[in-house]
Each structure stands twice: as structure tokens, then as C-alpha cells.
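What you see is a predicted model, and the numbers here were worked out from it, not measured in a lab.
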Amino acid sequence: MASPATATATAPPAPAPDLTALKTRQQAAWSSGNYAIVGSTLQIVGEELCEALDLRSGSKVLDVAAGNGMASLAAARRWCDVTSTDYVPALLERGRARAEAEGWTIAFQEADAENLPFEPNSFDVVLSTFGVMFTPNQDKAASELLRVCKPKGQIGLANWTPDGFIGQVFKTLGKYLPPPPGAKSPALWGTRARLTEMFDAEASSVRAESRVFNFRYRSPEHFLEVFKTFYGPVLKAFAALDPAKQEELHDDLHALIVRMNRATNGAMVVPSEYFEIVITKR
């Protein structure tokens, strides 16, 4: 009989995750509901990221996994030449409507963050706010951000952290719908160790600062209603569960909100930590 040590040494490696299938499921999730409703509430994050980058007028800016254009609009307001991309056409349409309503000229283009349709060294600044962090193939996405950024250009990211509120929301979802074995958590983009792995080799500097976005809703129930209706990953999670499990998930998320809620008048004010990241390419 093999010893425990021998058995461990000869155990087959875990199967690699099917990243193509995972991407298909994720795209379906982000295409469901209406992320624009949630994305519009996050606008301050895009504004603050553009300030952290110290954007200058005339800079050529690419927004990757842009959603409905939060960071794209922030860059346009600073008179930059902006291209806004996402792999969900309906979100690009929402971004286009916002830009037209405000009178800004932004180029909108469907694009996969893991295979950007742009030449190397095309942009002075590359942005992504709570977007590229959800790509299944994290290393490929990071390499694409670096590839299209000009030498000495900047990459600006806003990524949820594992221990912040949204990181905890995704951990809670994972209890009911575990991710495929071997798939990397999106929240790793909100850790210094993972940022170092992905960017240090081609960066002259990687600066990550902890920031807080406050989710402000009428009540915990209001937040859950909005996210179950409009936020694709939560909508899809509830849809995949039977009624009893839906109730359990609802109760777990409600308890998380109550535990983190700063409001004392029945409203919801929940701080969610994220990393504001500025990478300077060599």
C-alpha cells in the first residue's frame, strides 16, 4: 500500500478550467438585467481614477470592459480622445446614449478584453473600472492592457478587493454556485500580490491605494431588489437556484448588508473597499 506521502505525490493535477465556457457564461450574465442601472451609481469612481492618473487633454484613452461608460465619460470630460469598449453591445449603447446626452464625442467599439482589436502601443492611457477584473483568463487580459499601452503610458484600474463588501458578495454567491475548479477569483485583481504577478515585469511602477465606495440605497431590501433585477451575476445566481436556496441566499446577503451597514435610519450606506491602481509601463 502506498504511503500518504506517495499518494499525494502521484495524485493527478486538477483539470484546467474551461475558460471559453466560463467566458460564455459570464457574457450571458453581464448581458442579462441592466448593468447600466448599477454602473451609473459608480460614476464617482471613474472621476477619481482619472484624477489619480492626472489625465491631460488630448491624451488617447482606451476604456476596457467599460460597461455603460463610467470611466469613458470621466476621461471625455477632461477633453481626452476616448475609445470605449465592452463585449456586451447593449452596454455600449447605454454608454453612447449617455455621451450623446452630454454632448461628448466618444468612439464606442465592441471588443473582448482578452483580445483587443488594436495595434500595440496605441494608447497613452488604458482604463478599466470593475471590468477587466472579471475576465476568465486574467494573465491574457493583463498582457493585452500592457500591449496596447504606449511605452511610459499609464494603466488605471479600479478593482474590488476580496475583503470588501462586493468581494464578500461574490464569496457568498460562490457558496451556492461554486466557480469551476481552477478558475481564479476576480477579486485577486484587488490584491497587491496578483498585481505584482501580472504587471511588474513590464512596469516601471505599480501604485495601488485602498479606496472606499459607499453603496447608498433606500434600504438593504432595496439594494437586493436592484441587484437581483439588474446586476447580471446576482440575477443569474438567483435564477439558477430553487426557491428554498433562493431564500437562503437572500438571507445571507441581507445579513452581510446589515453587518456592514453604517446607516441607522433604515437606509443603507455600506462601504466597499476597492484598489485604485496606477501602473506606468516601462
Side-chain angles (χ1 to χ4, degrees), residues 13-39 41-42 65 67-68 86-88 90-91 112-114 128-141 158-191 194 213 215 217 220-261 268 270 272-275:
D18 185 342
L19 297 181
T20 300
L22 179 56
K23 180 186 291 187
T24 300
R25 289 198 297 274
Q26 287 183 341
Q27 188 171 16
W30 292 113
S31 299
S32 65
N34 184 359
Y35 176 73
I37 299 295
V38 175
T41 70
L42 301 167
N68 65 321
D86 201 282
Y87 70 173
V88 179
L91 290 176
D112 180 351
E114 296 175 8
S128 188
T129 50
F130 312 129
V132 73
M133 65 178 291
F134 291 102
T135 52
N137 191 332
Q138 297 185 0
D139 293 296
K140 184 67 167 67
N159 298 331
W160 302 118
T161 63
D163 295 328
F165 172 61
I166 292 298
Q168 293 299 312
V169 167
F170 276 95
K171 282 183 182 177
T172 303
L173 296 180
K175 286 169 50 182
Y176 293 86
L177 295 170
K184 290 184 170 67
S185 166
L188 290 173
W189 284 77
T191 66
R194 186 68 178 122
F213 173 81
F215 282 89
Y217 283 76
E221 283 293 345
H222 179 227
F223 172 89
L224 287 170
E225 176 188 343
V226 169
F227 268 60
K228 286 164 67 175
T229 304
F230 299 115
Y231 191 70
V234 176
L235 183 161
K236 286 290 191 181
F238 275 93
L241 299 174
D242 63 45
K245 287 297 183 182
Q246 287 180 12
E247 186 173 351
E248 288 181 29
L249 175 55
H250 178 280
D251 290 347
D252 278 354
L253 290 173
H254 190 274
L256 172 66
I257 296 167
V258 170
R259 187 166 68 249
M260 300 185 72
N261 195 8
M268 172 182 159
V270 171
S272 186
E273 183 187 40
Y274 70 94
F275 265 3

**OP:** Dump the intermediate steps for side chain to side chain contact (heavy atoms under 4.5 Å, CB included) on W189 and T161, then the final yes or no.
**Re:** CA-CA 7 Å; W189 284 77; T161 63; over 6 Å; no

Taking the side chain as every heavy atom from C-beta outward, state whether [X] and [Y] have any atom pair closer than 4.5 Å.
X    : Y    : answer
E248 : K175 : no
L224 : M268 : no
L22  : P17  : no
L235 : T229 : no
D86  : Y35  : no
K245 : F238 : no
Q26  : Y87  : yes
T129 : L42  : no

Subject >> Full working for side chain to side chain contact (heavy atoms under 4.5 Å, CB included) between V38 and F227 >> reply: CA-CA 8 Å; V38 175; F227 268 60; 3.8 Å; yes

Is there a donor-acceptor pair under 3.5 Å between the side chain of [X] and the backbone N or O of [Y]?
X    : Y    : result
E273 : D163 : no
K140 : E114 : yes
N34  : F230 : no
S272 : F213 : no

Provide the closest heavy-atom pair for [X] versus [Y] in the form atom of the first, atom of the second, distance.
X    : Y    : result
V132 : A113 : CG2-CB, 4.1 Å
A237 : L177 : CA-CD1, 3.4 Å
N68  : G39  : OD1-CA, 3.8 Å
N261 : P220 : ND2-CG, 4.3 Å
L241 : Q246 : O-NE2, 2.9 Å

Quick check for you: to the nearest 0.5 Å, what is the distance between [X] atom [atom1] and [Y] atom [atom2]?
X    : Y    : atom1 : atom2 : result
N137 : K23  : CG    : NZ    : 7.5 Å
S128 : M133 : OG    : CE    : 9.5 Å
F275 : N159 : CZ    : CG    : 9.5 Å
L19  : K184 : CG    : NZ    : 8.5 Å
Y231 : K236 : OH    : NZ    : 15.0 Å

**OP:** Please step through side chain to side chain contact (heavy atoms under 4.5 Å, CB included) for the pair R194 and T191, ending with a clear verdict.
**Re:** CA-CA 6 Å; R194 186 68 178 122; T191 66; 3.2 Å; yes

**OP:** Tell me, please, which residues at least two apart from Y217 pass ring pair (Phe, Tyr, Trp, His ring centres under 6.0 Å).
**Re:**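 Listed in chain order: H222, F223.
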
Check the surroundings of atom [atom1] in [X]: do more than 12 heavy atoms from other residues, nucleotides or ligands lie under 6.0 Å from it?
X    : atom1 : value
K171 : NZ    : yes
K228 : NZ    : yes
E247 : CD    : no

Original post:
F134 and F170: aromatic ring centres closer than 6.0 Å?
Top reply: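 Yes, the ring of F134 comes within the 6.0 Å limit of the ring of F170, centre to centre.
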
Original post:
What class does the angle between the rings of W160 and Y274 fall in, given that below 30° is parallel, 30 to 60° is tilted and above 60° is perpendicular?
Top reply: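 Taking Y274 first and then W160, their aromatic rings stand perpendicular (interplane angle over 60°).
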
Subject >> Side-chain ion pair, R25 and D18, N-O less than 4.0 Å >> reply: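 No.
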
Subject >> Side-chain H-bond candidate by donor/acceptor type, D252 with Y176, under 3.5 Å >> reply: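 On atom types as modelled, these side chains qualify, holding a pair under 3.5 Å.
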
